[in-house]
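Please read the structure below before turning to the comments.
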Amino acid sequence: MRTNFTQCAADYAKADASTIALYGWTGNVVQIPKNETTQISTWGCHQICGSGNDWYEWSQVSNTITTWVLPVVGIILQAPFVSNAFWETVFSLSRWLGSPMASLAYIFWNIKVSGKCALLVDLAVPYDHKVTDGRVTDSDQNFLSIRDSFYLLMTMNQFTMRPLVREKKGAEALLRVVLFSKDLRLLRPGKEPQGRFAPALFDVVPGQFGVRTPAPVANTITFGPDDNLEPEGELNRLRQGLAQKFRDGRKRGVVPVFISTLWFLFALALSIQSAFGYLGSNAQAHDLALGCLLSWLPVLILSSIVDRNPVAADATRKKLNHLVDRVRQSLMDDTIRERYLRSIADFDQHNKMRESVEDIGEVCQSLGNFFDRFAGQARRRWHYGAAHPILSDIESAYIAEQGRNWLANEEQARNKLVLGEPEGLDWLDPRELWQVLSAVMIVGGSCLGAFVLSYYTPTVGLGCRSGGYTIFGSMAFILLSLEIVSWWVFDASKPGVKRIGEEVRKMSASHPSYLAWEKRVTAWYNSAHENAASFDTKATTITRHGLEFVLDTLASQDYADGVKKALRAMREKWQDMKAQDRLDCCFFKPVETINAVWLVYITIAQTSGAYRNCDCMSSLWGGAGGYIDWNNYDTATSSYVHIYWTTGTVIASTTMTAAMLYLMLEWCLQSHINTASIEDAATGLQRTRCFRWITSPYRMFVHVMIEGAYSARLWAYKMIKRMFGGKTKDARRAGQDPEAASRAGRTPEAAPRAGRRSVRWTSENGRNKTIVGQPATSTRHNEETPSEVGQPLITVRDVHGRPMAIRAGDDYSRSSVSISPGASRAPSIEGRASLQVVGQRAPCERQASQGGGV
């Protein structure tokens with residue numbers, strides 16, 4: 001039966017003293033004066049008014065629909081859905097609505113990565129460098145080529161990799177060659193690689209390093225005709241063509257999304273004006289609270305503009321895989337591999353490149369179908385992407401040291417970008433927690449603003465509205481936390497955690513109580529793991545036999561056989577699933593769907609008036625309520641209402657506005673790498689540089705604060721280690737811990753400091769720095785550096801029989817072999833290596849002028 005609170009309030013006003021004494025509220029009240037003649041208990045409300053709902057009139061319902069429901073639906077329809085994928089659309093929608101914190105965290109992380117790509121492209125050339133479409137110089141071509149490479153890396157970051165691919169370090173090295181190499185010759189389509197990664201003796205081609213090559217010897221590769229090879233520069237042309245296609249096929253949709261967002265903002269402004277224009281109207285306040293609760297939704301949709309998905313994601317994935325396969329098959333060919341290695345002028349980089357190519361070759365056969373599924377806009381759980389590990393390494397190894405104009409020496413830059421120090425494509429970076437914290441603040445701020453509005457609207461206390469907002473926000477946070485923990489436990493490599501665990505174990509070895517506690521915990525974990533596995537097996541067996549018995553008893557034989565076959569298929573699929581996939585199927589997707597349905601229920605209940613009943617209006621959930629004041633049930637008269645309504649509105653509006661400004665800023669700063677037109681990209685880049693120059697003091701302040709916090713964390717870590725008797729990295733680096741240095745495979749004096757290096761935007765060109773592994777550049781033409789004088793290049797075989805190029809220096813001066821430039825000998829050095837003299841190195845400046853990069 002429908003309740004009418006207006007009539008109920010009028011009837012209670014006419015009640016006699018005995019009725020008031022029976023049904024009236026005698027407890028404490030919050031922020032309103034106590035008046036037993038107008039305040040009724042929840043039980044009394046049920047007795048006098050009934051237990052039904054006082055539904056809103058159609059005028060109020062239609063007002064809420066036009067003000068909030070339609071703008072919200074319009075925004076949701078602008079979400080980046082994938083065509084012809086019904087269930088993927090359903091699960092994506094439930095994920096976006098049910099777990100907004102996790103969704104925003106993933107999207108913000110992708111935006112951070114793409115922003116880093118745009119920043120590195122900006123820093124590749126001088127501050128005043130301009131590119132014009134009609135007049136493209138060689139430096140412009142280099143810049144446009146590196147711009148395409150980083151754009152392809154951004155596109156690759158939106159796709160998942162097969163687990164077998166993701167776990168191999170050779171996969172990262174392969175992607176580096178695909179993205180940044182220029183001198184690799186490709187096999188023609190349809191041609192099979194020859195050699196299948198058979199080790200071959202390295203020999204220098206005539207003219208390399210400015211010397212002549214000795215007569216051919218055994219095992220020296222003789223290059224045949226180039227009929228099976230693509231022309232030089234084909235890989236670079238493929239990257240440029242592919243990047244242009246991806247830019248042209250990139251989803252636009254910016255104008256509809258902005259219009260939908262403006263509609264939502266206009267509705268929010270109208271709701272704020274109505275709530276404060278008719279101050280005290282509870283219905284207006286609750287509508288405003290609903291808008292505050294959903295204020296994270298336009299942020300989520302706007303973020304999809306920056307982290308935009310391609311029109312045909314599956315076609316894009318196939319094109320990327322085709323590009324990777326072309327490079328992978330080419331590196332499996334002995335001739336191509338040797339040609340590629342001989343294009344490296346510096347002997348140190350040559351040896352490192354040989355090791356890198358061999359690492360790739362060892363896993364080439366298993367790196368087919370590199371990218372698996374589209375994962376942009378938080379579609380796939382635990383998606384980390386391929387870009388960040390590569391960006392972090394090239395940033396630390398080269399770009400951070402060079403600064404602006406790091407592409408000035410293109411050959412050196414591409415060598416460094418291809419080489420680096422690959423650590424694999426799957427590792428946890430604590431810097432991602434900044435994006436997680438931002439997502440928590442945005443969704444948490446929206447829920448907090450709505451909570452404040454509804455909680456402090458009489459009756460003050462935790463009721464159906466404020467409790468519903470609390471449940472939604474809490475579930476979103478729990479899902480985010482469990483998702484991070486499960487990814488960290490099951491998926492991410494944790495070298496830092498492993499190192500800390502080893503150090504804690506060392507310190508605990510000196511404390512018998514800690515050691516005994518560790519043994520107890522280990523024994524308990526092993527026992528619990530065995531019991532869980534045994535219980536899972538028994539439960540599965542009992543359930544299967546029970547279902548089979550029921551089917552055999554109640555169903556026909558054909559039907560029972562069909563069901564059994566389906567159950568066996570499901571069981572086999574379940575057994576093949578990883579722990580993460582099982583967790584996703586059994587926990588995350590159902591809970592996200594429940595939370596999304598709960599959000600829809602909150603919206604429908606607020607729109608229809610389902611919260612207008614005795615229990616909800618008396619705020620029973622938290623214990624502070626339990627009563628209804630007939631003077632405040634529909635219009636609040638408390639003097640505190642204005643303060644709390646203003647507070648809630650400011651909290652939600654501020655977080656939403658700050659997030660929108662950040663997304664619009666990132667969209668503008670990254671437009672120069674996404675734009676298809678060269679002229680438009682050049683204009684956008686100049687505007688980006690101007691903005692970064694104006695805002696550089698703010699970024700410097702933020703950088704100082706972050707570095708200060710990082711230094712404080714290191715200081716606290718060192719103090720804790722000293723308290724427990726452990727030795728810090730500084731002590732080990734100073735040689736005070738030779739055992740640790742020996743276990744790490746280095747001498748105590750050479751122990752490096754494991755630190756992070758981040759590039760910062762600057763308008764000043766970087767200085768000419770000497771990179772480790774390269775000699776200093778001569779200042780005069782054809783002048784040899786001291787390190788080059790008398791240092792012939794020789795070829796040796798290591799203990800594994802693999803050839804490598806070295807200088808004849810101190811390491812081999814103990815040999816009695818006489819080496820002269822141009823000679824060819826193969827004596828034995830301590831029975832471990834064979835030498836073949838190639839000749840004197842050319843001056844550095846002549847050397848650097850050869851070739852166009854890797």
Side-chain angles (χ1 to χ4, degrees), residues 76-100 102-114 117 150-166 171 175 178-179 242-253 257 300-325 367-390 425-426 435 483 487 491 578 580-581 584-585 588-589 592 670 673-674:
I76 293 176
L77 291 178
Q78 297 301 324
F81 298 112
V82 176
S83 303
N84 300 323
F86 175 77
W87 286 112
E88 181 177 351
T89 300
V90 170
F91 287 127
S92 297
L93 188 60
S94 65
R95 176 161 172 76
W96 292 331
L97 296 181
S99 186
S103 301
L104 283 174
Y106 281 98
I107 295 176
F108 282 175
W109 180 245
N110 290 339
I111 292 174
K112 176 69 174 179
V113 170
S114 59
C117 291
F150 279 103
Y151 181 75
L152 289 179
L153 181 59
M154 290 169 49
T155 306
M156 292 176 178
N157 195 60
Q158 289 190 318
F159 292 87
T160 62
M161 297 163 286
R162 293 189 298 110
L164 184 63
V165 170
R166 188 178 54 190
L175 282 186
V178 172
L179 291 168
L242 203 58
Q244 188 64 31
K245 290 180 181 178
F246 289 164
R247 289 190 179 103
D248 293 337
R250 191 169 182 260
K251 276 190 176 180
R252 301 308 193 267
V257 173
L300 179 67
I301 304 303
L302 273 179
S303 63
S304 66
I305 297 178
V306 185
D307 185 33
R308 200 63 172 162
N309 59 307
V311 174
D314 192 58
T316 301
R317 179 186 60 83
K318 291 179 180 178
K319 291 177 182 178
L320 290 175
N321 282 338
H322 177 70
L323 176 64
V324 175
D325 285 342
L367 295 183
N369 193 22
F370 199 97
F371 297 103
D372 188 15
R373 294 181 295 181
F374 180 67
Q377 296 90 39
R379 280 181 171 81
R380 300 295 176 185
R381 211 178 313 279
W382 304 299
H383 171 65
Y384 193 69
H388 180 68
I390 297 176
L425 296 171
D426 188 22
Q435 279 64 44
E483 194 164 325
W487 181 77
D491 208 20
K578 299 191 305 181
Q580 282 181 305
D581 297 330
D584 181 29
C585 181
F588 283 108
K589 284 183 178 178
E592 285 176 349
Q670 299 179 27
I673 195 174
N674 296 319

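On a predicted model such as this, the values are computed, not experimentally measured, just so you know.
Note that CD1 of I76 and CD1 of I301 are 7.5 Å apart. Values are rounded to the nearest 0.5 Å. Note: T316 OG1 to F371 CZ = 11.5 Å, rounded to the nearest 0.5 Å. Remark: M161 CE to N369 CG distance equals 12.5 Å, nearest 0.5 Å. Between the NZ atom of K589 and the CZ atom of R381 there is a distance of 7.0 Å, given to the nearest 0.5 Å. Atom-to-atom distance recorded for T155:OG1 and L242:CG is 8.0 Å, nearest 0.5 angstrom. Considering CG of N157 and CZ of F150, their distance stands at 13.0 Å, rounded to 0.5 Å.
P389 has its side chain within reach of Y384: a pair of non-hydrogen atoms, C-beta onward, lies under 4.5 Å apart. Residues L300 and P100 are not in side-chain contact: their nearest non-hydrogen atoms beyond the backbone lie 4.5 Å or more apart.
Salt-bridge formation is detected for the pair E483/R95: a Lys NZ or Arg NE/NH1/NH2 atom is positioned less than 4.0 Å from an Asp or Glu carboxylate oxygen. A salt bridge does not link D248 with K245: every distance from a Lys NZ or Arg NE/NH1/NH2 to an Asp or Glu carboxylate oxygen is 4.0 Å or more.
Heavy-atom minimum distance, I111 versus Q670: O-NE2, 3.3 Å. The two residues W109 and H388 come nearest to each other via the heavy atoms CZ2-CG, 3.5 Å. Of all non-hydrogen atoms in R380 and Y106, the two that sit nearest each other are O-CE2, 4.3 Å. Minimum interatomic distance between L153 and C117 (heavy atoms only, all atoms of both residues): CD2-SG, 4.3 Å. Closest approach of A387 to V113, counting heavy atoms only: CB-CG1, 3.3 Å. The shortest non-hydrogen separation linking T160 to A375 is CG2-CB, 3.5 Å.
Figure legend: R162 and F370 shown without cation-pi pairing, the cationic atom not lying both under 6.0 angstrom from the six-membered ring centre and within 45 degrees of its axis.
Ring geometry for F81 against W96 counts as tilted: the plane angle lies between 30° and 60°, on a 0 to 90° scale.
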side-chain contact (heavy atoms from CB on, under 4.5 Å), that's the test. Do E592 and F91 meet it? Break it down for me. CA-CA 9 Å; E592 285 176 349; F91 287 127; over 6 Å; no
Intermediate values then yes/no, side-chain contact (heavy atoms from CB on, under 4.5 Å), F159 and D372: CA-CA 7 Å; F159 292 87; D372 188 15; over 6 Å; no
Check the pair M156, V178 against side-chain contact (heavy atoms from CB on, under 4.5 Å), reporting the backbone distance first and the verdict last. CA-CA 11 Å; M156 292 176 178; V178 172; 4.2 Å; yes
CA sep, side-chain torsions, deciding dist, call: Q377, Q158, side-chain contact (heavy atoms from CB on, under 4.5 Å): CA-CA 8 Å; Q377 296 90 39; Q158 289 190 318; 3.8 Å; yes
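Looking only at distances, a side-chain donor or acceptor of R247 sits under 3.5 Å from a matching main-chain atom of I673.
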